[in-house]
Amino acid sequence: AQQEAQKTPTVSPTGIVAEIQTLLDAVNWKPATWRSWIKAQNKIDVTGELGEVLARMNPNQINMFTNHLKAMKESAGK
């Protein structure tokens, strides 16, 4: 059972999904908000869970999204 938990997910790295979800919670972005932002910035399909959407993004796009959320969090003083 432990080996199963260590397998790499097929969508995107769990750590990134968890980090971004934490940032989304901190800036109070609901799924409709982050989907709208990602679609506007990256012109990609935004259906599915956060991990599925992140899997469609390249590392640069994920980095840009993460940096945007971090900047929002900082400006909100959280």
Side-chain angles (χ1 to χ4, degrees):
Q2 276 188 321
Q3 283 183 327
E4 285 294 311
Q6 291 174 355
K7 280 187 181 175
T8 306
T10 52
V11 268
S12 67
T14 310
I16 282 289
V17 175
E19 177 189 356
I20 291 177
Q21 187 60 61
T22 300
L23 288 167
L24 289 169
D25 292 343
V27 298
N28 203 26
W29 270 24
K30 304 295 181 222
T33 310
W34 61 255
R35 283 190 177 103
S36 172
W37 192 91
I38 289 172
K39 188 171 188 170
Q41 293 294 316
N42 303 301
K43 312 288 188 261
I44 61 167
D45 176 20
V46 291
T47 56
E49 297 299 314
L50 180 60
E52 296 172 276
V53 175
L54 292 174
R56 294 183 199 110
M57 296 166 68
N58 66 42
N60 186 49
Q61 291 170 324
I62 291 172
N63 193 38
M64 187 173 72
F65 182 48
T66 306
N67 288 340
H68 180 73
L69 293 172
K70 286 178 180 173
M72 285 184 60
K73 183 180 171 188
E74 283 176 23
S75 67
K78 295 184 179 183

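Please read these numbers as outputs of a predicted model, since none were measured by experiment.
- For Asp45, the side chain to side chain contact (heavy atoms under 4.5 Å, CB included) criterion is met by Thr47, Arg56, not counting sequence neighbours.
- Distance OG1/Thr33 to CD1/Ile38: 11.0 Å, rounded to 0.5 Å.
- Closest non-hydrogen pair, Val53 versus Ile44, comes out as O-CD1, 4.1 Å.
- Atom CG of Leu69 and atom CD of Glu19 lie 9.5 Å apart (nearest 0.5 Å).
- Evaluation of the side-chain hydrogen bond (donor to acceptor under 3.5 Å, both in side chains) rule for Glu49 yields no partner, not counting sequence neighbours.
- Aromatic ring pairs are classed by plane angle as parallel below 30°, tilted from 30° to 60° and perpendicular above 60°; the pair His68 and Trp29 is tilted.
- Across all their heavy atoms, Leu50 and Leu24 have their closest contact at CD2-CD1, 3.9 Å.
- Side-chain N or O atoms of Ser36 include none that pairs as donor or acceptor with a backbone N or O of Ala32 at under 3.5 Å.
- Across Leu54 and Ile62, no two heavy atoms sit closer than the pair O-CD1, 3.5 Å.
- Separating the NZ atom in Lys70 from the CD1 atom in Ile20 is a distance of 9.0 Å, to the nearest 0.5 Å.
- Applying the salt bridge (charged side-chain N to carboxylate O under 4.0 Å, His left out) test to every pair with at least one member in residues 31-44, sequence neighbours left out, gives no pairs at all.
- Taking the six-membered ring for Trp, Trp34 and Phe65 have ring centres at least 6.0 Å apart.
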